[in-house]
Amino acid sequence: MTTVDLPLLPLGRGSDPLSERGVECPGDLPAASDPDLVARARAAKEKLGERVFVLGHHYQRDEVIQFADVTGDSFKLARDAAGRPDAEYIVFCGVHFMAESADILTGPEQKVVLPDLAAGCSMADMARLAQVEKAWEALAAAGVQDQVVPVTYMNSSADIKAFCGRNGGVVCTSSNAEVALEWAMAQKGPDTKILFLPDQHLGRNTAVLELGIGLDECVVWNPFKPNGGLSAEELANARMILWKGHCSVHGRFSADVIDDLRARVSDLNVLVHPECQHEVVLKADFVGSTEYIINKIEAAAPGTSWAIGTELNLVQRLAKAHPDKNIMFLDRNVCYCSTMNRIDLPHLVWALESLVEGVVVNRIEVDPKTEAEALVALQRMLDLPGRTSRD
């Protein structure tokens, strides 16, 4: 049994509708070697005009991000999509859960397109609805469910957001997790517990470092073990029940690399995303969302040195944009997000040219019931005080 229980699918064929990962890509893609790809993308976008709105996540390749009308993090982009009600097509250059959120927040007449259905999210796949519902039943059997408020990270599938919506929970982003957890802790009195999905590291880092909850009050629910691998006593004593999930990129960064870089680079600033492991966050100088990381580098003084723990496409883009600063990657190895990198120029050209021909490819549609319940959890987040618009 693997940490992500997914069916094996031949690359290029088949899909799993209950997963963030699909691999079907109908139609013929242009060759990656086609020297006219940039011109073709530009021409197709110009023909579509105001009918199309292209969103580009910060982790996208440079070859794709150049065609984005707006760039940002997952929730910011979904909000940007909702702010363009006149756009007939929303082309989301990101991953599946982001396109789902855009579909939930845009009008029913708008069509959200994901250029490559294989652009999923391994973290989102680590919490599947059947697993979460089974855990919810186990919490009831342990006598603690009435005290639990589910909180899901934006990096989750629409059906997990819907689960939170119908069970009194909320969605959070990496920049408003503290506010969301404070809201959740106030819902059921002093004995409130939180089931945090699907990223254990964001949940732990926020609870311990921002809310002052003890590490010993955080337990990890493993969906592949009976009762999550936890005793009734452990559940009774816990305040944070963290789902055993993680980001395959941010989980790679290690404390020993920080030590090594500090020994070699004087006055080094270590800047990491809160999806990193707890021991990495403890050694960092600054911790924050992707937007926070970008803003921190933009405001940094010339000549300063920065080791950044987030996706490599963004780190390289920041280094290129700020040659007056010494910017390095906080890992010894190349660490791109493999699913984000599924969106490449051939897929984007194929999607745009198909729209020019009146063919909507790879449309992402959330069913009405799931959409309505997910919107409840998203709206609770939007109603929170403070920062709620950045991931």
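Starting from 1, each residue takes its place in the sequence as its number. Note that the coordinates shown come from a computational prediction; the quantities given were computed from them, not determined experimentally.
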Checklist entry - Is there a donor-acceptor pair under 3.5 Å between the side chain of T370 and the backbone N or O of V366? => result no
Item to check | 4.5 Å side-chain heavy-atom contact, I364 and N362 | outcome: no
For a quick test of your reading: what N or O donor-acceptor pairs under 3.5 Å do the side chains of residues 65-72 make, sequence neighbours left out?
residue : atom : partner : partner atom : Å
Q66     : NE2  : E63     : O            : 3.0
D69     : OD1  : K45     : NZ           : 2.8
D69     : OD2  : V54     : N            : 2.8

Checklist entry - When you measure from the side chain of E357 to the backbone N and O of V359, does any donor-acceptor pair fall under 3.5 Å? => result no
Item to check | salt bridge (charged side-chain N to carboxylate O under 4.0 Å, His left out): pairs with one or both residues in residues 329-339, sequence neighbours excluded | outcome: R252-D331, D256-R332
Next on the checklist: Quick check: do H246 and E275 have side-chain heavy atoms less than 4.5 Å from each other?
Outcome noted: no
Checklist entry - So, do I90 and V113 sit near enough that their side-chain heavy atoms are less than 4.5 Å apart? => result no
Item to check | Donor-acceptor under 3.5 Å (Q60 side chain, N341 main chain) | outcome: no
Ignoring hydrogens and angles, write down the donor-acceptor pairs under 3.5 Å from the side chains of residues 209-222, residues two or more places apart or on other chains.
residue : atom : partner : partner atom : Å
E217    : OE1  : G214    : N            : 2.8
N222    : OD1  : F224    : N            : 2.9

Item to check | F329 and F253 aromatic centres sub-6.0 Å | outcome: yes
Item to check | Shortest non-hydrogen separation from A207 to M240 and the atoms involved | outcome: CB-CG, 3.6 Å
Checklist entry - Backbone N or O of G203 within a donor-acceptor pair of the T206 side chain at under 3.5 Å? => result no
Output a table of donor-acceptor pairs, distance under 3.5 Å, between side-chain atoms of residues 136-145 and any protein atom two or more places apart or on a different chain; print 'none' if there are none.
residue : atom : partner : partner atom : Å
W136    : NE1  : N167    : OD1          : 3.4
Q145    : NE2  : W136    : O            : 2.9

Next on the checklist: Whether the side chain of R317 engages the backbone of H58 through a donor-acceptor N/O pair (distance < 3.5 Å, no angle test) should be reported.
Outcome noted: yes
Checklist entry - Is any side-chain heavy atom of E291 closer than 4.5 Å to a side-chain heavy atom of K76? => result yes
Item to check | Whether D116 side chain and I343 backbone form a donor-acceptor pair below 3.5 Å | outcome: no
Checklist outcome for this item: Exactly one of I297, L330, I293 clears side chain to side chain contact (heavy atoms under 4.5 Å, CB included) with W306, and that residue is I297
N/O donor-acceptor pairs under 3.5 Å from side chains in residues 188-195, not counting sequence neighbours:
residue : atom : partner : partner atom : Å
K188    : NZ   : D146    : O            : 3.2
K188    : NZ   : V148    : O            : 3.2
T192    : OG1  : M185    : O            : 3.3
T192    : OG1  : K188    : N            : 3.0
T192    : OG1  : K188    : O            : 3.3
T192    : OG1  : G189    : N            : 3.2
T192    : OG1  : G189    : O            : 2.7
K193    : NZ   : L235    : O            : 3.1
K193    : NZ   : A236    : O            : 2.7
K193    : NZ   : A238    : O            : 2.7

Item to check | With E133 via side-chain hydrogen bond (donor to acceptor under 3.5 Å, both in side chains) - residues at least two apart | outcome: R166
Item to check | S289 versus H273, side-chain donor and acceptor atoms under 3.5 Å | outcome: no
